[in-house]
Enquirer: 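Below are the structure tokens for one structure; questions will follow.
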Amino acid sequence: MRFSQLLCPTLKEVPNDAEVASHQLMIRAGMIRKVAAGIYSLMPLGHKVIQKMMTIVREELNRVGAQEVFLPSIIPAQLWEESGRWQQYGPELLRLKDRHGNDYCYGPTHEEVITELVKGSVKSYKQLPVNLYQIQTKFRDEIRPRFGLMRGREFMMKDAYSFHATDEDLKLTYAQMTEVYGRIFDRCGLQYKMVEADSGNIGGSMSAEFMVTAATGEDLVIDCDSCSYAANIEAAIASELPYEFPVAATPYSKVSTPNQRTIQEVSEGLGLPNTRLVKALMLLADGMPVMVLVRGDHDLNESKLKRSLGADEISFIDEAQVPLLTGAIPGFAGPIGLKKEVLIYADLSVKGITSGVVGANESGYHLVDVNLSRDCTIAAYFDLRNAVEGDTCCRCSKGRYRYTRGIEVGHIFQLGTKYSSAMNAIFLDQNGKTMPFVMGCYGIGIGRTVAAAIEQSHDEKGIMWPPALAPFQVAIILGSTKVEEQVAAGDRIYRYLLDNGIDCLYDDRSVSIGVKFNDFELIGVPVAIVIGKNFAESGQLEIKYRDGREGTQVLESSVLSVILNKD
RNA sequence: CGGGGCGUAGCGCAGCCCGGUUAGCGCACCAGUUUUGGGAACUGGGGGUCGGAAGUUCAAAUCUUCUCGCCCCGACCA
């Protein structure tokens, strides 16, 4: 490609609405432009990089026998009603109507469509397993799109779905897909780790995420400093902690704590550590009020609560409703003497509390010396809190947890029969018995992976593409368009590289060389061949590397071999 | 959706508080001349419903109300 013909408006200034490096650089390098919140156009350079990523994904999936399909983006509501998700999915499902008033949605994920497709075409265990994938635009009406392609509302995703006769067979494909994902992200030159995950809205029993490690990552990951355990904070198992304070010798008593509504205020007011306090949170689980107790220094993990209670929808109760249930304004709720009877669930770490502090359900008062097992009725104890740094590892019981940040670029699930059962997608097994398909599903955010690659590999001048994702393999920088020898050499080398299958960007613009160097660094092509001042006399070309390696001088005749052996 | 902020040329901004010439600057763009190893210089030029609507006023980018959009902080996800 000649730069003089490429639509690539690079920007000197940082766009005011871009926060993170990948977003800023993709705009500045002329790769993307915003159309609306979370909706972007890809310009030639951006499209090219996305295509490279898609090719890697296709190659690796095809290698293990996955088959590419293409499903519609507009899906009739009826299919989603069959799976139950039309009601369940909530406002990020973009719903629309056609001219007849029939309901549709823009697909945020395609379990329903693929299940319906396979249901109609696979009848026997002999046709199993089958692994189908597509690369397509999804739409999720995110509450808060941000960071460019990192979290768009419309985004490119590879989604694969596998169908099996048995659980064991699903596990084989699941394991194979973890390897495939490893190869894909390795080829992209990314540093990543696979972590245990919450399967959220998609459902199923087991799932893992592929996290690209980056300080700007939106996900908090817990890992163990001694074994290989790693998990998303949403899923990280928090162990029960010992209670280190004496058993209260006396019954609990009421103390005045005026204006002390937060854990910190109560802790300071009473002169007790916050580990001795019990936070009582009022929530709605599928519309039913519940109270959840966690230790004062811990945070409730809503994913865990959702899973533990088997609820579809968890939300905090409106502050105004709290007095009706507890008898006190928010800040003084506790498990003893509630105005209305509600089920009380508690985190494992409050289990042994024998001299704790809880709200008195009376504005301005708390109870001290509370022994939870003696003084109130807990419906059940679960692991409900966020694991924290320093917790003992749930797997090896020796190591300690640490925090890291990650960008979730892939997520794989063992779905089981959730969708096939709901949609009556069945096959005949060896005994002629009807069975629901056992399913797996596997996603990769294409644009997000590209953004993650930039997050991991850039400097103050611009992008430093991993070679596999770079929009061009090589740039040719023409020093001057006025020097005949240079132009002739440039044209010659450009032709020669193209003929040898090298995808190169030929910067033949008649601007000063500084502009070309800056654009080369901004766009992030890994190598440049510079045809400079001394070419006419010496016949020397300069090879420049974007990653900071020392450049070299070469003769025109050896350009190709230097380029090909660049690593 | 709750909290905070911003909408003035393709991009980045000033002007607004305290209403009053033809709305200004830098980058980008067009023409010409001189330039070409690190975002060139000079001269000339094009481009604006000041996000939208209503109101106040002799007069609104500026004041008032409503509205739309966008960004940031929290709960969702590839």
Side-chain angles (χ1 to χ4, degrees), chain A residues 9-20 23 27-28 30 33-39 57 89-93 108-109 135-160 181 197-202 207 209-212 218-219 232 234 283 299-303 306 313-316 318-319 406-413 441-452 461-462 477-483 486 509-522 528 530-535 542 544 551:
Chain A
T10 56
L11 267 33
K12 284 187 203 171
E13 276 163 312
V14 177
N16 110 93
D17 58 2
E19 278 278 301
V20 298
H23 187 194
I27 291 172
R28 288 191 50 216
R33 286 289 123 99
K34 182 169 73 180
V35 175
I39 300 177
V57 168
Y89 212 90
E92 73 251 35
L93 183 65
T109 172
I135 299 178
Q136 200 215 30
T137 293
K138 301 274 189 276
F139 193 94
R140 296 184 190 170
D141 202 353
E142 293 273 350
I143 306 161
R144 191 147 104 75
R146 59 181 146 178
F147 302 157
L149 295 195
M150 199 100 96
R151 174 187 296 283
R153 290 193 293 173
E154 183 175 301
F155 59 99
M156 192 63 73
M157 177 173 166
K158 185 283 297 177
D159 46 328
Y181 273 41
D198 177 40
S199 49
N201 223 319
I202 310 286
S207 82
E209 289 165 335
F210 287 77
M211 291 284 186
V212 167
E218 292 186 273
D219 287 280
N232 192 310
E234 288 170 2
L283 294 108
D299 288 324
L300 171 68
N301 179 315
E302 290 179 49
S303 313
K306 213 162 157 179
E313 205 50 63
I314 294 280
S315 62
F316 278 91
D318 189 59
E319 287 215 357
I407 301 165
E408 183 193 349
V409 291
H411 199 160
I412 59 178
F413 302 80
C441 110
Y442 320 89
I444 289 180
I446 302 287
R448 184 181 283 185
T449 305
V450 167
K461 291 174 171 171
I477 296 177
L478 185 55
S480 169
T481 52
K482 296 274 166 61
V483 182
Q486 291 187 23
R509 295 174 297 172
S510 42
V511 295
S512 80
I513 195 161
V515 172
K516 298 184 189 184
F517 284 146
N518 282 310
D519 278 343
F520 160 69
E521 281 152 349
L522 176 59
V530 185
I531 303 162
K533 260 186 169 164
N534 57 358
F535 175 76
E542 182 185 345
K544 264 174 112 74

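The chains referred to below are lettered A, B, ... by the order of the sequence lines, with proteins before strands, and numbering in each begins at 1.
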Enquirer: Starting from the 5' end of RNA chain B, give me the residue, E408(A) or G514(A), whose nearest nucleotide shows up first.
Expert: G514(A)
Enquirer: Is any side-chain N or O of S512(A) closer than 4.0 Å to OP1 or OP2 of G39(B)?
Expert: no
Enquirer: Go through the N and O atoms of the side chain of R28(A) and the base of C11(B), and report whether any donor-acceptor pair is under 3.5 Å.
Expert: no
Enquirer: Compare the minimum distances between each of C76(B), G37(B), C72(B) and the side chain of E19(A), then state the nucleotide with the smallest one.
Expert: C72(B)
Enquirer: Measure CD/E218(A) against C1'/A75(B) and give the value in whole Å, please.
Expert: 13 Å
Enquirer: So among R33(A), R146(A), K34(A), which one has a salt bridge (Lys or Arg N to Asp or Glu O under 4.0 Å) with D17(A)?
Expert: K34(A)
Enquirer: To the nearest 0.5 Å, how far apart are CG in N301(A) and CG in D198(A)?
Expert: 7.5 Å
Enquirer: Select base, sugar-phosphate, or nothing to describe what G410(A) touches, counting heavy atoms under 4.0 Å on all strands.
Expert: sugar-phosphate
Enquirer: For E13(A) and C25(B), what is the distance between atoms CD and P respectively, to the nearest whole Å?
Expert: 16 Å
Enquirer: For G2(B), give the paired nucleotide (Watson-Crick: N1-N3 plus N6-O4 or O6-N4; G-U: N1-O2 and O6-N3; both under 3.5 Å), or none.
Expert: C73(B)
Enquirer: When you measure from the side chain of R140(A), which nucleotide among C77(B), G37(B), A75(B) comes out closest?
Expert: C77(B)
Enquirer: So, does K12(A) get its side chain near the phosphate of A28(B), meaning an N or O under 4.0 Å from OP1 or OP2?
Expert: yes
Enquirer: Choose from G39(B), C73(B), C71(B) the nucleotide whose nearest atom is closest to any side-chain atom of D17(A).
Expert: C71(B)
Enquirer: Give, for atom CD of E154(A) and atom CG of L149(A), the distance between the pair rounded to the nearest 0.5 Å.
Expert: 11.0 Å
Enquirer: Please say which of M150(A), R448(A), R140(A) ends up in a side-chain contact (heavy atoms from CB on, under 4.5 Å) with F155(A).
Expert: R140(A)
Enquirer: Using a 4.0 Å heavy-atom cut-off, does K34(A) contact any base of the nucleic acid, only the sugar-phosphate backbone, or nothing at all?
Expert: sugar-phosphate
Enquirer: How far apart are the closest heavy atoms of D141(A) and P91(A), and which atoms are they?
Expert: CB-O, 3.7 Å
Enquirer: Which nucleotide, if any, forms a Watson-Crick or G-U wobble pair with A9(B), using both distances under 3.5 Å?
Expert: none
Enquirer: Taking atom C1' in both C66(B) and U56(B), compute the distance separating them and give it to the nearest angstrom.
Expert: 15 Å
Enquirer: Answer with base, sugar-phosphate or nothing: what part of the nucleic acid does R146(A) contact at a heavy-atom distance below 4.0 Å?
Expert: sugar-phosphate
Enquirer: Working to the nearest 0.5 Å, report the span between OH of Y181(A) and NE2 of H411(A).
Expert: 10.0 Å
Enquirer: G10(B) and U49(B): how far apart are their P atoms, nearest whole angstrom?
Expert: 8 Å
Enquirer: To the nearest 0.5 Å, what is the distance between CD1 on I135(A) and CE on M156(A)?
Expert: 8.5 Å
Enquirer: Write down the distance between CZ (F316(A)) and C1' (G74(B)), rounded to a whole number of angstrom.
Expert: 11 Å
Enquirer: Base, sugar-phosphate or nothing for G152(A)? Non-hydrogen atoms, less than 4.0 Å.
Expert: base
Enquirer: Answer yes or no: side-chain N or O of R448(A) and base N or O of C77(B) forming a donor-acceptor pair under 3.5 Å.
Expert: yes
Enquirer: Return the nucleotide paired to A59(B): Watson-Crick means purine N1 to pyrimidine N3 with N6-O4 or O6-N4, wobble means G-U with N1-O2 and O6-N3, both under 3.5 Å.
Expert: none
Enquirer: So, F155(A) and A78(B): ring centres less than 5.5 Å apart, planes less than 30° off, yes or no?
Expert: yes
Enquirer: Between A40(B) and U22(B), how many Å separate the two P atoms, rounded to a whole number?
Expert: 37 Å
Enquirer: Could you give the CD1-to-P distance, from I531(A) to G38(B), as a whole number of Å?
Expert: 18 Å
Enquirer: Which listed nucleotide (G39(B), A75(B), G37(B)) is nearest to the side chain of I513(A)?
Expert: G37(B)
Enquirer: Between A14(B) and A53(B), how far is it from one P atom to the other, in whole Å?
Expert: 24 Å
Enquirer: NA contact type, N16(A), heavy-atom cut-off 4.0 Å: base, sugar-phosphate, or nothing?
Expert: sugar-phosphate
Enquirer: Among the candidates U36(B), A28(B), A78(B), find the nucleotide nearest to the side-chain atoms of E142(A).
Expert: A78(B)
Enquirer: Look at all strands and tell whether E209(A) reaches a base, only sugar-phosphate, or nothing, counting heavy atoms closer than 4.0 Å.
Expert: nothing
Enquirer: Of the listed nucleotides (C72(B), G26(B), G39(B)), which one gets closest to any side-chain atom of N518(A)?
Expert: G39(B)
Enquirer: I'd like to know if D519(A) and R509(A) make a salt bridge, using a cut-off of under 4.0 Å between side-chain N and carboxylate O.
Expert: yes
Enquirer: Which is true for V483(A) with a 4.0 Å heavy-atom rule: it touches a base, it touches only sugar-phosphate, or it touches nothing?
Expert: nothing
Enquirer: Can you identify which nucleotide, out of C71(B), A75(B), A78(B), has its nearest atom closest to the H411(A) side chain?
Expert: A78(B)
Enquirer: Using a 4.0 Å heavy-atom cut-off, does R33(A) contact any base of the nucleic acid, only the sugar-phosphate backbone, or nothing at all?
Expert: nothing
Enquirer: Suppose we define a pair by two distances each less than 3.5 Å, Watson-Crick or G-U wobble; what does G19(B) pair with here?
Expert: none
Enquirer: Among the candidates G39(B), A75(B), C76(B), find the nucleotide nearest to the side-chain atoms of T10(A).
Expert: G39(B)
Enquirer: Take atom P in G26(B) and the same atom in A41(B), then report the distance between them in whole Å.
Expert: 12 Å
Enquirer: Rounded to the nearest 0.5 Å, what's the gap from CG on D159(A) to NZ on K138(A)? Could you check?
Expert: 3.5 Å
Enquirer: Name the pairing partner of C66(B), where a pair is Watson-Crick or G-U wobble with both distances under 3.5 Å, or state none.
Expert: G52(B)
Enquirer: If the P atom of G51(B) is compared with that of U35(B), how far apart are they to the nearest Å?
Expert: 45 Å
Enquirer: Minimum heavy-atom separation for F520(A) to K544(A), with atom names?
Expert: CZ-O, 4.1 Å
Enquirer: Does a distance-only test, which skips hydrogens and angles, find a donor-acceptor pair under 3.5 Å between the side chain of K544(A) and the base of G38(B)?
Expert: yes
Enquirer: Describe the nucleic acid contact of D159(A) in one word from base, sugar-phosphate, nothing, applying a heavy-atom distance below 4.0 Å.
Expert: nothing
Enquirer: Nearest-Å distance, CD (E234(A)) to P (C76(B))?
Expert: 6 Å
Enquirer: Whole Å only: how far is the NZ atom of K306(A) from the P atom of C76(B)?
Expert: 7 Å
Enquirer: Just to be sure I understand the rule, does E521(A) reach a base, reach only the sugar-phosphate, or reach nothing, if contact means heavy atoms closer than 4.0 Å?
Expert: base
Enquirer: Roughly how many Å is it from NE2 in H23(A) to P in C71(B), rounded to a whole number?
Expert: 8 Å
Enquirer: Paired with C29(B) by Watson-Crick or G-U wobble geometry, both distances under 3.5 Å: which nucleotide is it?
Expert: G45(B)
Enquirer: Using the C1' atom on both, measure G45(B) against U64(B) and round to a whole Å.
Expert: 40 Å
Enquirer: Write down the distance between CG (D198(A)) and P (A78(B)), rounded to a whole number of angstrom.
Expert: 10 Å
Enquirer: Please give the distance between the C1' atoms of A60(B) and A23(B) as a whole number of Å.
Expert: 13 Å
Enquirer: Among the nucleotides U36(B), G39(B), C76(B), which one has an atom lying closest to any side-chain atom of D519(A)?
Expert: G39(B)
Enquirer: Pick the nucleotide of RNA chain B nearest each of M156(A) and F147(A); which residue has the one closer to the 5' end?
Expert: F147(A)
